[in-house]
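Start at 1 and go down the list; that is how both ligands and their atoms are numbered. Given the structure is predicted, the values throughout are model-derived calculations rather than measurements.
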Amino acid sequence: MTIQKQIYCRKPTLSEMERLFALGATHVAWGVEPSAAPELELSRLIVAQARKERIGTVVLVGEPRIDALERVALEVAPDFLLVAAEHIGQGIDEQDLPGLARRLGPGTALMMSVPVRVAGSRAELDSIARAQRYQEFAGSLILDTRLDPEDGALCGCTGRTNDWDVCATLVRTVRCPVMLAGGLSPSNVAEAIRRIRPWGVDACSSLERPDRSKDLDACRAFIREADSADFATARGA
Ligand SMILES: O=C(O)c1ccccc1NCC(=O)[C@H](O)[C@H](O)COP(=O)(O)O
């Protein structure tokens with residue numbers, strides 16, 4: 001099976017997205033503030049263009065409210081709404097998500113962010129239990145690095161790898177598609193795919209220039225390395 005290759009853009013533009021489509025990304029992801037009309041308009045344009053090219057779209061809603069997620073789903077119609085780990089219990093009640101998933105249009109599913117402890121940490125985190133609950137209503141999961149509490153407990157775009165043993169166990173335990181994220185780069189993505197065997201891989205920080213636009217050479221290398229591991233994995237390497 002082809003490995004999915006998702007690139008998260010912190011400063012999306014239509015032309016940057018079109019370049020990523022041409023490089024072979026299978027999914028593009030970005031954040032949107034539901035009260036910002038220009039961001040909603042740009043998001044609609046990206047989704048329309050991606051659909052023509054059969055590229056998956058993933059939108060993270062900046063406002064942690066169920067009605068904001070629902071409005072963005074209706075107005076932008078991405079393939080996935082990415083629900084940020086830090087929004088659960090901080091504006092979004094997990095109990096409201098199965099209902100939201102049922103109300104979404106047929107073309108939009110939830111991609112639930114599952115926090116995984118940062119590599120080297122021994123922090124207690126219920127990643128596998130969460131994933132098992134989320135798979136009951138989500139279309140996919142994204143495993144993302146959660147920094148330790150003493151480092152701010154940030155989750156998302158940390159540029160840090162996470163506990164790959166937890167990720168490998170989690171992938172074997174759940175039945176829904178799992179996207180691996182957190183500190184992936186051209187130099188470690190092939191090894192991550194071989195060890196964890198996820199449905200897809202996502203990267204953000206390692207593919208950025210200082211102004212947060214995407215470094216297209218790095219994106220090309222990330223996609224090439226992911227595909228090379230996929231090829232090797234398919235042959236039992
Ligand atoms: O998933 C989240 O909870 C999240 C929160 C805030 C911003 C982005 C978030 N997810 C986006 C992603 O999944 C990123 O692409 C992922 O964090 C990868 O980041 P990096 O470690 O910088 O490659």
Trainee: Closest non-hydrogen protein atom to atom 23 (O) of ligand 1, residue and atom name please, with distance?
Mentor: Cys204 N, 2.9 Å
Trainee: Does Thr145 use its side chain to pair, donor to acceptor, with the backbone of Arg160 at less than 3.5 Å?
Mentor: yes
Trainee: Just which atoms of ligand 1 are under 4.0 Å from any heavy atom in Gly156?
Mentor: 4 (C), 5 (C), 9 (C), 17 (O)
Trainee: Which atoms from ligand 1 have a heavy atom of Gly183 less than 4.0 Å away?
Mentor: 20 (P), 21 (O), 23 (O)
Trainee: Indicate every side-chain donor-acceptor pair of residues 172-182 with a distance under 3.5 Å to a residue at least two apart or in another chain.
Mentor:
| unit_1 | atom_1 | unit_2 | atom_2 | d |
| --- | --- | --- | --- | --- |
| Thr173 | OG1 | Thr169 | O | 2.5 |
| Arg175 | NH2 | Glu136 | OE1 | 3.4 |
| Arg175 | NH2 | Glu136 | OE2 | 3.2 |

Trainee: In Å, rounded to the nearest 0.5 Å, how long is the span from OH of Tyr8 to CD1 of Ile142?
Mentor: 9.0 Å
Trainee: Quick one: list whatever passes salt bridge (Lys or Arg N to Asp or Glu O under 4.0 Å) with Asp151, sequence neighbours left out.
Mentor: none
Trainee: Are any of the N or O atoms of Glu86 closer than 3.5 Å to those of ligand 1?
Mentor: no
Trainee: Using a strict 4.0 Å cut-off to heavy atoms of Ala203, name the atoms of ligand 1 that fall inside it.
Mentor: 23 (O)
Trainee: Under 4.0 Å from a heavy atom of Ala85: give me the atoms of ligand 1 that qualify, with their elements.
Mentor: 3 (O)
Trainee: Hey, is ligand 1 close enough to Gly159 that some N/O pair sits below 3.5 Å?
Mentor: yes
Trainee: Tell me whether the count of non-hydrogen atoms from other residues, nucleotides or ligands lying under 6.0 Å of CD in Gln95 goes above 12.
Mentor: no
Trainee: Are any of the N/O atoms in Asp144 less than 3.5 Å from those in ligand 1?
Mentor: yes
Trainee: Any carboxylate oxygen within less than 4.0 angstrom of a Lys/Arg side-chain nitrogen, looking at Asp217 and Arg220?
Mentor: yes
Trainee: Between Glu16 and Arg19, does any NZ, NE, NH1 or NH2 come within less than 4.0 Å of an OD or OE carboxylate oxygen?
Mentor: no
Trainee: Compare Leu60, Val83, Ile142, Leu184 and give the one whose heavy atom is closest to atom 13 (O) of ligand 1.
Mentor: Ile142
Trainee: For ligand 1, which atoms, with element, lie under 4.0 Å from some heavy atom of Leu82?
Mentor: 1 (O)
Trainee: Report yes or no: does Gly182 have a heavy atom closer than 4.0 Å to ligand 1?
Mentor: yes
Trainee: Can you figure out which of Ser185, Cys155, Ser205 has its heavy atom closest to atom 22 (O) of ligand 1?
Mentor: Ser205
Trainee: Side chains of Ser121 and Asp148: is there a donor and an acceptor less than 3.5 Å apart?
Mentor: yes
Trainee: Determine the interplanar angle of the His27 and Trp199 rings, folded into 0 to 90°, and report it as parallel if under 30°, tilted if 30 to 60°, perpendicular if over 60°.
Mentor: perpendicular
Trainee: To which protein heavy atom is atom 2 (C) of ligand 1 closest, and what is the distance rounded to 0.1 Å?
Mentor: Ser113 OG, 3.5 Å
Trainee: For ligand 1, which is the ligand I care about here, please tell me if Asp202 has any N or O atom under 3.5 Å from one of the ligand's N or O atoms.
Mentor: yes
